> 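A single structure is presented below for examination.
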Amino acid sequence: MELYSIPSKKLDGYIARNLHPSKEFQENDSDAINRICSFLKEVCDLNARVIKTVKAGSAGKGTALDMSSDVDLVIFLSCFSSFKDQAEQREHVIKDIEKNLKRYIQTIAFKVDILSPRQKGTPPRSLSVLIQAKKKTESVEVDILPAYDALGQITSTYVPPKEVYIELIEANGDPGEFNTSFTELQRNFVKHRPAKLKDLLRLVKHWYKEIKKHYGSISKLPPKFALELLTIYAWEEGTKEAEQFNMAEGFCTVMKLITHYQDLCFYWTKYYSLKASRIGLHVKRKLRESRPVIIDPADPTANVAKASREAWDLLALFASDCLKQSCCMKDGEPIKSWDVQPTRNIEVTVKQQTGIPVVISCNPLLPIMYIKKKIGNEGHTCLAEERFQRTLASRVSSFQPGVRIEAFLLHAFAVERISGFDSIQETAVGI
């Protein structure tokens, strides 16, 4: 692909020249959205009120590529009063919208083609249409997604009450089934980020799109949203959220993390907190799933990295190849990536028999011996209580001394006796 021939120092210019959407393209997108919104609000007879419409996807987030924009239009309807209502009535609503489009297709002032569902054999969650204004030559594909208005009117700093997420979890839908209700949070999570991060997102998405265009027929690749969140995670951890950074270093960091996909495991607490027990227990169960695990920052039911091992293996192979190309080299040497681990550090609270608890920051991928050494270096000692020793004896038989801290936390106790510890528990931000 052309990207591979671009020198790393010229990536910023390459993005500006080739990946930013043109003014005409953006206007065409906006025109298509405005026209379909007007139709849904003023003409379409759904026996329900359109509460609000939200432009989502890359167009709504401000990360659209030139001539390639996934436009998602989420319509919040009064006929849905719960997640259960949405699950039961969504298919019927989609069919009603389709019937209305076909009925008025000759009278509306733009050309509309209704596209076939992408997934056969499953109830549709959206209606895909190709919209072309009569004065325009380019068509825009728009996915119309009916949704339950779980959040109401929100601001850019809005954080939902915990009851919203408890209702979501107790709806017991498929993972991510109701993520359209949290579209505005997904959009805001990206929309208000620095311009240069959005350019890095464009570069990663362009790379993904080129891979998919040439090799997508071989195997289904992991979801694009997983790569977007991986890119944001790399930037947060690698630059401490700096507005300016080296584009090549950021791109190489994302490629390197893809090659270590088996260890990826992270989440955010911007919109929901693990301190709420029902939410915390649910997220912790998600974190125990097979890697990679990337929890949707707006929807704790969804591991957006869910894909087959073959799909991730293939993407990792392409990422490894990318790291050998000009875009990831400087003076014939690989560009040094940011120091980003596949999972964030966690805080482990060690309760002692005497004295105050000790809080240790550590990475779950490190061996348990790290905790022992850190406790010893800081001079903390105490005797393990009898309950810990009994429980430990029943748990340690299958472990080895080099076990990772994550395995220790997930099974509650360690491999070998960690003298000095009464008990170990994770804090609200830990696994």
Side-chain angles (χ1 to χ4, degrees), residues 1 3-12 14-15 19 63 193-194 196-212 215 219 221-242 244-268 290-295 303-346 362-366 404 406:
M1 66 178 78
L3 171 62
Y4 286 178
S5 65
I6 305 299
S8 58
K9 63 182 180 181
K10 295 184 177 181
L11 282 177
D12 290 285
Y14 175 78
I15 295 167
L19 304 187
T63 60
R193 303 286 185 164
K196 188 150 189 177
L197 172 60
K198 292 181 181 179
D199 277 353
L200 177 57
L201 285 163
R202 285 189 176 96
L203 185 61
V204 172
K205 291 202 297 182
H206 171 68
W207 173 80
Y208 176 88
K209 179 188 169 189
E210 291 298 298
I211 295 296
K212 194 169 185 178
Y215 304 100
S219 175
L221 295 175
K224 180 180 62 175
F225 190 32
L227 267 65
E228 293 182 27
L229 292 180
L230 178 60
T231 302
I232 292 172
Y233 168 77
W235 168 77
E236 288 177 342
E237 294 291 299
T239 74
K240 307 308 176 190
E241 304 191 19
Q244 296 299 320
F245 54 85
N246 184 286
M247 184 64 69
E249 290 178 0
F251 184 60
C252 292
T253 302
V254 176
M255 294 298 108
K256 186 175 179 182
L257 286 170
I258 291 172
T259 65
H260 294 282
Y261 75 86
Q262 301 97 330
D263 292 324
L264 294 176
C265 183
F266 50 88
Y267 64 100
W268 288 265
S290 299
R291 306 292 191 266
V293 174
I294 302 175
I295 307 296
N303 171 16
V304 302
K306 198 82 171 177
S308 68
R309 178 59 61 92
E310 292 76 13
W312 276 105
D313 279 344
L314 183 63
L315 196 67
L317 186 66
F318 288 125
S320 181
D321 181 55
C322 180
L323 287 167
K324 303 170 187 174
Q325 307 302 323
S326 296
C327 57
C328 294
M329 305 288 283
K330 181 180 180 181
D331 300 327
E333 295 292 327
I335 286 177
K336 182 177 175 58
S337 60
W338 298 329
D339 182 17
V340 179
Q341 298 300 315
T343 185
R344 300 184 200 272
N345 278 9
I346 59 174
C362 56
N363 193 281
L365 301 182
L366 292 171
R404 289 173 172 179
E406 64 168 338

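It should be emphasised that the depicted structure is a prediction, and the values quoted were computed from it without experimental measurement.
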> Donor-acceptor check, side chain of K196 to backbone of F245, threshold 3.5 angstrom: yes or no?
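Here the side-chain-to-backbone pair exists.
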
> Quick check: closest heavy atoms across P223 and A307, and the distance to 0.1 Å?
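Where P223 meets A307 most closely, the heavy atoms are CD-CB, 4.2 Å.
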
> How about K198 and T63: do any of their side-chain heavy atoms sit closer than 4.5 Å?
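The answer is yes; the side chains approach within 4.5 Å.
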
> What heavy-atom pair brings Y233 and T343 nearest, and what distance separates the two atoms?
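Nearest heavy atoms, Y233 then T343: OH-C, 3.1 Å.
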
> With salt bridge (Lys or Arg N to Asp or Glu O under 4.0 Å) as the criterion, how do D199 and R202 come out once you've worked through the C-alpha distance, each side chain's angles and the decisive distance to 0.1 Å?
CA-CA 5 Å; D199 277 353; R202 285 189 176 96; 3.1 Å; yes

> Please report the shortest heavy-atom distance between A248 and I335, naming the atom on each side.
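Reported closest heavy-atom pair: CB-CD1, 3.4 Å.
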
> Let me confirm one number: the OG1-CZ distance from T231 to F251, rounded to the nearest 0.5 Å.
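Separation between the atoms: 9.0 Å.
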
> Walk me through it: do L314 and I211 pass the test side chain to side chain contact (heavy atoms under 4.5 Å, CB included)?
CA-CA 10 Å; L314 183 63; I211 295 296; over 6 Å; no

> Answer yes or no: is there a donor N or O on one side and an acceptor on the other, between the side chain of T259 and the main chain of K256, under 3.5 Å?
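Checking the backbone N and O of K256 against the side chain of T259, a donor-acceptor pair under 3.5 Å is found.
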
> Side-chain contact, heavy-atom cut-off 4.5 Å: M255 with Q325?
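M255 vs Q325: side chains apart.
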
> Any heavy-atom pair between the side chains of I295 and F266 that's under 4.5 Å?
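A side-chain contact is absent here, since even the closest heavy-atom pair is not under 4.5 Å.
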
> Can you tell me how far CG of L200 sits from CD of E228, rounded to the nearest 0.5 angstrom?
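E228 atom CD to L200 atom CG measures 11.0 Å (nearest 0.5 Å).
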
> Could you state the interatomic distance from CD (E236) to CD (E241), rounded to the nearest 0.5 Å?
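Rounded to the nearest 0.5 Å, the CD-CD separation comes out at 5.0 Å.
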
> Just by distance, do the side chain of W207 and the backbone of L3 share a donor-acceptor pair under 3.5 Å?
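No; zero donor-acceptor contacts below 3.5 Å.
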
> E249 vs K330, test: salt bridge (Lys or Arg N to Asp or Glu O under 4.0 Å). Steps then yes/no.
CA-CA 10 Å; E249 290 178 0; K330 181 180 180 181; over 6 Å; no

> State, yes or no, whether a side-chain contact exists between V254 and W235 at a heavy-atom distance under 4.5 Å.
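The answer is no; the side chains never approach within 4.5 Å.
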
> Rounded to the nearest 0.5 Å, how far apart are CG of L197 and OG1 of T239?
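Rounded to the nearest 0.5 Å, the CG-OG1 separation comes to 8.0 Å.
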
> For residues A311 and P222, report the shortest heavy-atom separation together with the two atoms involved.
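Reported closest heavy-atom pair: O-CD, 3.5 Å.
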
> Okay, side chain of Y14, backbone of P7: is any donor-acceptor separation there less than 3.5 Å?
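No.
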
> Which heavy atom of A305 sits nearest a heavy atom of W312, and at what distance?
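Here A305 and W312 meet closest at O-NE1, 2.9 Å.
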
> Are L323 and P334 close enough that some pair of their side-chain heavy atoms sits under 4.5 Å apart?
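No, every pair of side-chain atoms sits at 4.5 Å or beyond.
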
> When rounded to the nearest 0.5 angstrom, what is the spacing between CE in M247 and CD1 in I15?
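So the gap between those two atoms works out to 4.0 Å.
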
> Between E237 and Q341, does the side chain to side chain contact (heavy atoms under 4.5 Å, CB included) criterion hold? Intermediate values first, please.
CA-CA 8 Å; E237 294 291 299; Q341 298 300 315; over 6 Å; no

> How far apart are the closest heavy atoms of T253 and S337, and which atoms are they?
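Reported closest heavy-atom pair: OG1-CB, 3.3 Å.
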
> Using side-chain heavy atoms (C-beta onward) and a distance below 4.5 Å, is L229 in contact with W268?
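A side-chain contact under 4.5 Å exists here.
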
> Between atom CG of L230 and atom NZ of K224, what is the distance when rounded to the nearest 0.5 Å?
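So the gap between those two atoms works out to 15.0 Å.
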
> Please tell me if the side chains of L221 and Y208 come closer than 4.5 Å, counting only heavy atoms from C-beta onward.
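With C-beta onward as the side chain, the pair touches.
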
